[in-house]
Every structure is written in C-alpha cells, then in structure tokens.
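In what follows, a single structure is set out as structure tokens and then discussed.
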Amino acid sequence: MELKLWQVDAFAEKPFEGNPAAVVPLTQWLADDVLQAIAAENNLSETAFFVGSGAGKYDLRWFTPEVEVPLCGHATLASAHVVLTHLAPSLNRVDFSTKSGTLSVERADGGLLAMALPAFTSDVHAEAEDFREALEEAVDVAPLEVLKANYALAVFKNADDIAQIDADAVADTIDEFDEECLIVTAPGGDMGFDFVSRFFAPGKGVNEDPVTGSAHAALVPFWAKRLGKPKLTARQISTRGGTLLCEEQGERVLLKGKVVPYLEGVIRI
C-alpha cells in the first residue's frame, strides 16, 4: 500500500520555524494501530489523517507518536494547507469533522489561513497553591497563578520567566498533579507581542510542542479578558517559535497563521 504524505511547518514564516506536522490523506480509514504506527514512525508532535466526506468536507483525526488526541490546531491548519494547495485548490474553505466538533479553515489575506477552534475558559486549578509551589521548586521561579482550562495553565510575570523553563524539569510536576499537559504564559510586551507561551505535553509523548493551536484556544480568552481587547498577537517561544494572530469570538477562537511546505513523500506499508 502506498500513501501520500506531506510534511509542512504550521504557524511559520520560513522553513524550520513553527510546528511541523505530517498530513496523510486517506480514501478510507485504516486500523487504529496502523495510524498510530505511522505517527510513531513520523515522530512529529502530530500526524493528521483525513478522509473526504463531501465537497470541501473531511473527517480528521490527529495522533502524537504515542496517542490519538481530541484536538490539534497546528495539524488542522497543516491539513487545510494540503487540501487548499494540493487536493482542491479551487476551494476557499475546508470543514473538518473531528472529535472536537466541526473545525473550519479559510483562506485569509496575506497568504494566511484562518482557523476557528472551540474556546476554553480558565478557572482556578483545584490544587492551585500546591501546584504553584511545586512548579516554583521545579523551575526556580514562582508562577503568579495556576488555572485549569482544557489544560493546566500557569501564568508568570514575564517572558524571561518562562523562557528559562527546562521541559524535563516540569514533566514530573505535571504528572504529580495528574495532568498530561501544561501551558505556561506571560505578558509579551517586552518582545512586541500581547502574550507569549510555551506548552509541555509529556503525558502525550511530546515533551515540548513548538506551537500549539489548542493551547491558544484557552490562552486567547484568558488574555483577551485580562488585556481588555479581542484581537491579540501571540508568540510561542519554543526553540522553533511561531506567531499567531488571534481573535476572541465568544464560543470560538480565531487563529491565523502561515504554513510553509517542507517535504512531500510516499509511505509504503
């Protein structure tokens, strides 16, 4: 069996930036263990698989090297790029049916793609004070607050605080509080952004994710309320880094970014 594969960099201005994702179009679903094996072989944060279900409509699933996940923003943007560039270039919009509902991606000005994700609100974490103290011990700087949205969310004073965090140092702390993932975030004014962030997902087989759309589904509502404005520019300050143009829209979060092609290939199994 031969399967076409594209690897692209999402939320990137140039190659080797943003978050790489593999995209594998299918004519029908393969067994889950085969999908998982392909994702493990690719060894990227996510591999996206989709099957067409109508004009401009696709069923979409995402796998890390270890598990299937219910929501992935950057691999959704990557999948839309593949559809709109290679498979159906006459379209201006793609609708993906997923475990998180229908996710739509449209062409936007300036070569951007605009993706709508479900919004997540943040509340105080059930073990906020203990979690805060454990993080301070692990990374030698205390978060201002620890919240819970779709993931645990730790807010720090400034970008320097989160830039120095060692991904390995927080892994045990995340597991100690029965969390699979942790967002860390801070104001980004000194760097020219409204806010900055990093994302750690050791429970899903990804120590640090380069640029994370699903994290911004929580970050955008949080910072829109905190800063008092719905339109924001964000930077995920991983080693690769990536910029997102964001808009809080009530029940949805709109994320805009570019996708840069890197590799085309054929999987033979």
Side-chain angles (χ1 to χ4, degrees), residues 10-13 17-19 71-74 76-77 80 92-93 100-125 128 132 135 141-165 181-200 209-238 240-259:
F11 298 114
E13 295 285 343
E17 189 180 65
N19 201 348
L71 178 62
C72 178
H74 86 278
T76 301
L77 205 74
N92 288 313
R93 168 177 167 149
S100 293
T102 299
L103 308 181
S104 299
V105 185
E106 298 181 339
R107 299 184 194 271
D109 293 340
L112 296 166
L113 293 177
M115 171 177 61
L117 298 181
F120 295 90
T121 57
S122 303
D123 295 306
V124 176
H125 194 283
R132 192 190 69 80
L135 283 172
V141 61
L144 302 176
E145 52 191 317
V146 178
L147 309 169
K148 181 63 184 281
N150 51 342
Y151 309 115
L153 169 61
V155 184
F156 288 79
K157 183 178 180 180
N158 56 52
D160 288 342
D161 286 348
I162 67 171
Q164 70 180 22
I165 293 175
C181 309
L182 173 68
I183 309 166
V184 296
T185 189
D190 291 345
M191 299 182 67
F193 300 95
D194 291 301
F195 66 89
V196 296
S197 67
R198 294 174 67 190
F199 183 74
F200 310 104
D209 194 42
V211 190
T212 315
S214 62
H216 285 78
L219 287 166
V220 173
F222 173 81
W223 284 111
K225 182 177 181 180
R226 185 66 56 96
L227 299 176
K229 57 180 185 178
K231 293 185 177 182
L232 305 156
T233 303
R235 180 75 179 179
Q236 194 155 328
I237 54 172
S238 62
R240 292 175 64 97
T243 298
L244 306 91
L245 304 180
C246 314
E247 184 174 347
E248 190 274 321
Q249 297 183 331
E251 294 183 355
R252 310 293 280 183
V253 165
L254 188 69
L255 304 177
K256 293 181 181 180
K258 291 184 178 180
V259 177

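Note that the coordinates shown come from a computational prediction; the quantities given were computed from them, not determined experimentally.
For the side chain to side chain donor-acceptor pair (under 3.5 Å) condition, the pairs that include at least one residue of residues 112-125, sequence neighbours left out, are His125-Glu179. Sequence neighbours left out, not one pair with a member in residues 184-193 passes salt bridge (charged side-chain N to carboxylate O under 4.0 Å, His left out). Annotation: side chain to side chain donor-acceptor pair (under 3.5 Å) contacts involving residues 218-227, sequence neighbours excluded, comprise Glu145-Arg226, Thr185-Trp223.
Remark: Ile183 CD1 to Leu147 CG distance equals 9.5 Å, nearest 0.5 Å. Interatomic distance, Asn19 CG to Asp209 CG, rounded to the nearest 0.5 Å: 4.5 Å. For the atom pair NZ (Lys231) and CG (Leu254), the distance works out to 9.0 Å, reported to the nearest 0.5 Å. Put simply, CG on Leu77 and CE on Met115 are 5.0 Å apart, with the number rounded to the nearest 0.5 Å. Remark: Thr76 OG1 to Leu113 CG distance equals 11.5 Å, nearest 0.5 Å.
Of all the heavy atoms in Ala159 and Val196, the pair that sits closest is CB-CG2, 3.7 Å. Between Gly18 and Pro210, the shortest heavy-atom contact is O-CB, 3.5 Å. Closest non-hydrogen pair, Pro118 versus Leu71, comes out as CG-CD2, 4.4 Å. Nearest heavy-atom pair across Ser214 and Asn150 is O-ND2, 3.0 Å. Contact between Ala149 and Phe120 at its shortest, heavy atoms only, is CB-CB, 4.2 Å. Pairing each heavy atom of Gly241 with each of Ser238, the nearest pair is N-OG, 3.0 Å.
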Full working for side chain to side chain contact (heavy atoms under 4.5 Å, CB included) between Thr212 and His74: CA-CA 6 Å; Thr212 315; His74 86 278; over 6 Å; no

Ser197 and Gln236: CA distance, side-chain angles, deciding distance, side chain to side chain contact (heavy atoms under 4.5 Å, CB included) verdict: CA-CA 5 Å; Ser197 67; Gln236 194 155 328; 3.8 Å; yes

Stepwise side chain to side chain contact (heavy atoms under 4.5 Å, CB included) check, Leu255 with Val220: CA-CA 9 Å; Leu255 304 177; Val220 173; 4.1 Å; yes

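Remark: Phe199 pairs with Tyr151 by the ring pair (Phe, Tyr, Trp, His ring centres under 6.0 Å) rule, at least two apart or across chains. Residues satisfying the ring pair (Phe, Tyr, Trp, His ring centres under 6.0 Å) test with His216, not counting sequence neighbours, are Phe195. For Arg240, the side-chain hydrogen bond (donor to acceptor under 3.5 Å, both in side chains) partners are Asp9, not counting sequence neighbours. The side-chain contact (heavy atoms from CB on, under 4.5 Å) test applied to Glu13 returns Glu17, Lys258, not counting sequence neighbours. Every residue meeting the side-chain contact (heavy atoms from CB on, under 4.5 Å) condition with Thr102, not counting sequence neighbours, appears here in chain and number order: Asp95, Ser104. Here Asn158 pairs with Asp160, Asp161 under the side-chain contact (heavy atoms from CB on, under 4.5 Å) rule; sequence neighbours left out. Among residues two or more places apart in sequence or in another chain, the salt bridge (Lys or Arg N to Asp or Glu O under 4.0 Å) test is passed with Lys256 by none. Taking Lys229 as the reference, Asp194, Leu227, Leu232 meet the side-chain contact (heavy atoms from CB on, under 4.5 Å) condition, with sequence neighbours excluded.
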Show the atom names and distances, to 0.1 Å, of all donor-acceptor pairs under 3.5 Å that link a side chain in residues 242-249 to residues at least two apart or in another chain.
unit_1: Thr243; atom_1: OG1; unit_2: Arg235; atom_2: NH1; d: 2.8
unit_1: Glu248; atom_1: OE2; unit_2: Gly250; atom_2: N; d: 2.7

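Just one of Leu135, Leu153, Val146 meets the side-chain contact (heavy atoms from CB on, under 4.5 Å) condition when paired with Leu182; it is Leu135.
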